[in-house]
A.B. asks: 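Here it is, the structure in full.
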Amino acid sequence: MGSVNYNPDIIHISVYAGAGGEDAKDFARMLLRMYRRFAEKKKWKVRYVHDDTIEVRGKGTYDRLREEAGVHRLVRISPFDAKKLRHTSFALVEVLPELHYVKASQVHIPDKDLKVSFFRSSGPGGQNVNKVETAVRVVHIPTGMSASSQVERSQAGNREHAMSLLKAKLVKLMEEKREEDLGKLRVKVTPEWGHEIRSYVLHPYKMLRDERLGIKITKVEDVLNGDLDLLITKSKKVQ
């Protein structure tokens, strides 16, 4: 496919619940809120594309947040456990830059490889705000990859947005597998839980451990509230 032409100033961040049941779903919401708050502190523009995806626009957003992609782990006393036991849950973070239009138009996906479904749009957090099925979800059947959009007013607009997101995911997968032909991507893609890049421990002690940076900090709540610059500052001190 050659070099990929991205817009580094527009990204989509998606967070998906992994192992851990209700705790994992709550953890996914916590992480999406963390990225939203971080972006707002940077004065970047943020909007919800879907319940699990936000779009962030700002100078250098992809370079700043691309390393957030991967499996995250949370350890805490579960608010969903009547016995107040400690639970471990996982979430998968995706960070994708927007493909420039010319590049997106070069990615052709046969209709037979797509499954398109429609549903009612909902607001952040899942509350229903629309009685018309304008939201769209598209699935690439050969790989199992999917993308959703509910940010546009029309079904056609959301389909176009969801397709753009899906193409960005597929192009990234092709790069990772060094594959030139989209038709050869035939293996279902599933997250590998247990290979976390970062752990957030809230009980029995407070500790954030980032495996990529090789650092540990105790201000876990501050990071979860959007202060990701704490990790940058700490990593520079370690270096």
A.B. asks: Indicate whether any N or O donor in one side chain lies under 3.5 Å from an N or O acceptor in the other, for N158 and S149.
C.D. replies: yes
A.B. asks: Measuring from D9:CG to R64:CZ, what's the distance to the nearest 0.5 Å?
C.D. replies: 15.0 Å
A.B. asks: Is the closest side-chain heavy-atom distance between H87 and D81 below 4.5 Å?
C.D. replies: yes
A.B. asks: Do V93 and L31 have side chains that get closer than 4.5 Å, going by heavy atoms?
C.D. replies: yes
A.B. asks: Would one find more than 12 heavy atoms of other residues, nucleotides or ligands at under 6.0 Å from atom CZ of R159?
C.D. replies: no
A.B. asks: Strictly by ring-ring contact (aromatic ring centres under 6.0 Å, His included), give each pair with a member in residues 141-168 just once, sequence neighbours left out.
C.D. replies: H12-H161
A.B. asks: Salt-bridge test for E22 and K25: reply yes if a basic N is under 4.0 Å from a carboxylate O, no otherwise.
C.D. replies: yes
A.B. asks: So, do I13 and L96 sit near enough that their side-chain heavy atoms are less than 4.5 Å apart?
C.D. replies: no
A.B. asks: Treating Ile, Leu, Val, Met, Phe, Trp and Tyr as nodes and any side-chain heavy-atom pair under 4.5 angstrom as an edge, say whether I197 and Y35 lie in one connected cluster.
C.D. replies: no
A.B. asks: Tell me the closest heavy-atom pair linking V95 and Y62, and the distance in Å.
C.D. replies: O-CE1, 3.8 Å
A.B. asks: Around atom NZ of K41, are there more than 12 heavy atoms from other residues, nucleotides or ligands closer than 6.0 Å?
C.D. replies: yes
A.B. asks: Count I, L, V, M, F, W, Y as connected when their side-chain heavy atoms are under 4.5 Å apart, and connections chain through other members. Are F80 and I77 then in the same cluster?
C.D. replies: no
A.B. asks: If you define the side chain from C-beta out and look only at heavy atoms, does anything of E98 sit under 4.5 Å from I11?
C.D. replies: no
A.B. asks: Please assess R57 against E55 for the test salt bridge (charged side-chain N to carboxylate O under 4.0 Å, His left out), listing each intermediate value before the final yes or no.
C.D. replies: CA-CA 7 Å; R57 293 172 176 256; E55 177 188 271; 2.9 Å; yes
A.B. asks: What heavy-atom pair brings A24 and G18 nearest, and what distance separates the two atoms?
C.D. replies: CB-O, 3.4 Å
A.B. asks: Indicate yes or no: at least one non-hydrogen side-chain atom of D23 is less than 4.5 angstrom from one of P79.
C.D. replies: yes
A.B. asks: Distance from R29 atom CZ to R36 atom CZ, nearest 0.5 Å?
C.D. replies: 13.5 Å
A.B. asks: I'd like to know if the side chain of D227 reaches the main chain of V223, judged simply by a donor and an acceptor atom lying under 3.5 Å from each other, with no hydrogens or angles considered.
C.D. replies: no
A.B. asks: I need the K42 NZ to L65 CG distance, nearest 0.5 Å.
C.D. replies: 9.5 Å
A.B. asks: Is the closest side-chain heavy-atom distance between R73 and T88 below 4.5 Å?
C.D. replies: yes
A.B. asks: Can you tell if the side chain of L224 reaches within under 4.5 Å of the side chain of M30, non-hydrogen atoms only?
C.D. replies: yes
A.B. asks: Would you name the heavy atoms of L32 and T53 that are closest together and state the gap between them?
C.D. replies: CD2-N, 4.0 Å
A.B. asks: Would a single hydrophobic cluster contain both V171 and L114, if residues Ile, Leu, Val, Met, Phe, Trp and Tyr are joined by side-chain heavy-atom contacts under 4.5 Å?
C.D. replies: yes
A.B. asks: If hydrophobic clusters are built from ILVMFWY residues whose side chains come within less than 4.5 Å, do M163 and F118 share one?
C.D. replies: yes
A.B. asks: If we ignore hydrogens and angles and just use 3.5 Å, is the side chain of S89 paired with the main-chain N or O of V75 as donor and acceptor?
C.D. replies: no
A.B. asks: If the condition is side-chain contact (heavy atoms from CB on, under 4.5 Å), which residues does E211 pass it with, not counting sequence neighbours?
C.D. replies: R209
A.B. asks: Before giving the answer on side-chain contact (heavy atoms from CB on, under 4.5 Å), spell out for V49 and I54 the whole-Å C-alpha distance, their side-chain angles and the decisive distance to 0.1 Å.
C.D. replies: CA-CA 5 Å; V49 175; I54 57 174; over 6 Å; no
A.B. asks: Hydrophobic cluster membership, with links at side-chain heavy-atom distances under 4.5 Å among I/L/V/M/F/W/Y: are V46 and L228 in one?
C.D. replies: yes
A.B. asks: Quick one: do L231 and I217 satisfy side-chain contact (heavy atoms from CB on, under 4.5 Å)? Show the steps, please.
C.D. replies: CA-CA 8 Å; L231 299 176; I217 62 175; 3.8 Å; yes
A.B. asks: Using a 4.5 Å cut-off on heavy atoms from C-beta on, say whether the side chain of L208 contacts that of K216.
C.D. replies: no
A.B. asks: Once you round to the nearest 0.5 Å, how far does CG of D229 lie from CG of D222?
C.D. replies: 12.0 Å
A.B. asks: Hey, mind stepping through V201 and V220 against side-chain contact (heavy atoms from CB on, under 4.5 Å) and telling me if it holds?
C.D. replies: CA-CA 8 Å; V201 181; V220 189; over 6 Å; no
A.B. asks: Which residues pass the ring-ring contact (aromatic ring centres under 6.0 Å, His included) test with Y200, sequence neighbours left out?
C.D. replies: F27, H72
A.B. asks: Atom CG of L74 and atom CG of D26: how far apart are they, to the nearest 0.5 Å?
C.D. replies: 8.5 Å
A.B. asks: Has the side chain of R212 got a donor or acceptor atom that lies under 3.5 Å from a matching backbone atom of E67?
C.D. replies: yes
A.B. asks: Counting only N and O atoms by type, is there a donor-acceptor contact under 3.5 Å from the side chain of D52 to the main-chain atoms of V15?
C.D. replies: no
A.B. asks: Restricting to non-hydrogen atoms, name the atom on D51 and the atom on Q150 that form the minimum distance, rounded to 0.1 Å.
C.D. replies: OD1-NE2, 3.8 Å
A.B. asks: Would you tell me whether D113 and H140 have side-chain atoms, one donor and one acceptor, within less than 3.5 Å of each other?
C.D. replies: no
A.B. asks: Would you name the heavy atoms of L213 and D210 that are closest together and state the gap between them?
C.D. replies: N-OD1, 3.0 Å
A.B. asks: Counting only heavy atoms not in R47, do more than 12 fall under 6.0 Å of its CZ?
C.D. replies: yes
A.B. asks: Can you check salt bridge (charged side-chain N to carboxylate O under 4.0 Å, His left out) on D63 and R66, steps first, answer last?
C.D. replies: CA-CA 6 Å; D63 286 339; R66 64 191 303 171; 3.6 Å; yes
A.B. asks: Let me see the working for K45 and V56 under side-chain contact (heavy atoms from CB on, under 4.5 Å), right down to the final yes or no.
C.D. replies: CA-CA 6 Å; K45 294 182 179 179; V56 182; over 6 Å; no
A.B. asks: Which heavy-atom pair separates S146 from V139 by the least distance, and what is that distance?
C.D. replies: CB-CG2, 3.8 Å
A.B. asks: Between CZ of R76 and OG of S78, what distance do you get to the nearest 0.5 Å?
C.D. replies: 6.0 Å
